[in-house]
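Take a look at the structure below.
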Amino acid sequence: MASATAKLAAEILRGRPPQGSPTAWVEPATVTTVASGAAADGNALATVTWRGTAVQAAYLSPYAPAVGHVVAVLYQTSGSLLILGRMVGTPPS
């Protein structure tokens, strides 16, 4: 019997949202660049690598983006990404 994590990973690897076609879901990404003061509101502008593509993403105010962080991003079918925070305590593979 496959674990819930393995099932979710299989859904992500299929390149489409999990069953039921939700309008938003969470996936991992890696922060690749942070440009201080470059965002429209004067905060840092973060770029993440998500599914092999570099994408600029907004983030929640309690999080301070840093290059190399593995983050949880909320993907919305409208095409936008929102960094929810840093993923820590990841179990070993």
Side-chain angles (χ1 to χ4, degrees):
M1 175 178 233
S3 71
T5 303
K7 288 180 184 177
L8 179 58
E11 289 292 332
I12 290 170
L13 292 176
R14 285 186 0 199
R16 57 186 159 159
Q19 66 185 23
S21 296
T23 59
W25 60 93
V26 177
E27 292 189 19
T30 303
V31 177
T32 52
T33 63
V34 178
S36 265
D41 60 4
N43 287 298
L45 179 62
T47 302
V48 298
T49 298
W50 172 75
R51 293 187 175 193
T53 303
V55 181
Q56 292 178 341
Y59 53 91
L60 298 177
S61 63
Y63 172 68
V67 173
H69 280 180
V70 175
V71 294
V73 293
L74 177 68
Y75 172 76
Q76 298 173 319
T77 54
S78 63
S80 65
L81 289 180
L82 173 64
I83 299 171
L84 300 176
R86 184 176 181 196
M87 296 171 61
V88 296
T90 306
S93 45

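Positions are given from 1, in the same order as the sequence printed here. Note that the structure is a prediction, hence the values are computed from the model and not measured.
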Review point. Do L84 and V26 pass the side chain to side chain contact (heavy atoms under 4.5 Å, CB included) test, and can you show the C-alpha distance, the side-chain angles, and the key distance before you say yes or no?
Key: CA-CA 9 Å; L84 300 176; V26 177; 3.8 Å; yes
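Among residues two or more places apart in sequence or in another chain, the side-chain contact (heavy atoms from CB on, under 4.5 Å) test is passed with A64 by none. Under the rule for a side chain to side chain donor-acceptor pair (under 3.5 Å), the partners of Q76 that lie at least two apart in sequence or sit in another chain are S80.
M87 is not connected to V31 by any chain of hydrophobic side-chain contacts under 4.5 Å among Ile, Leu, Val, Met, Phe, Trp and Tyr, and they are in different clusters. Under a hydrophobic clustering in which Ile, Leu, Val, Met, Phe, Trp and Tyr are joined whenever their side-chain heavy atoms come within less than 4.5 Å, directly or via other members, V67 and I83 fall into the same cluster.
Two residues are said to be in side-chain contact when any heavy atoms from C-beta on lie closer than 4.5 Å; T32 and W50 fail this criterion. Residues V73 and L82 have side chains not in contact (no heavy-atom distance under 4.5 Å, counting atoms from C-beta outward).
Hydrophobic side-chain contacts under 4.5 Å tie V88 to no other Ile, Leu, Val, Met, Phe, Trp or Tyr residue.
Within the structure, the side-chain hydrogen bond (donor to acceptor under 3.5 Å, both in side chains) test picks out the following pairs touching residues 54-68 (sequence neighbours left out): Y63-H69.
The minimum heavy-atom distance linking A24 with L74 is given by the pair CB-CD1, 4.0 Å.
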Just distance, no hydrogens or angles: give the donor-acceptor pairs under 3.5 Å from side chains in residues 42-49, sequence neighbours left out.
{"from": "N43", "atom 1": "ND2", "to": "D41", "atom 2": "OD1", "distance (Å)": "3.3"}
{"from": "N43", "atom 1": "ND2", "to": "D41", "atom 2": "OD2", "distance (Å)": "3.1"}
{"from": "T47", "atom 1": "OG1", "to": "T33", "atom 2": "OG1", "distance (Å)": "3.1"}

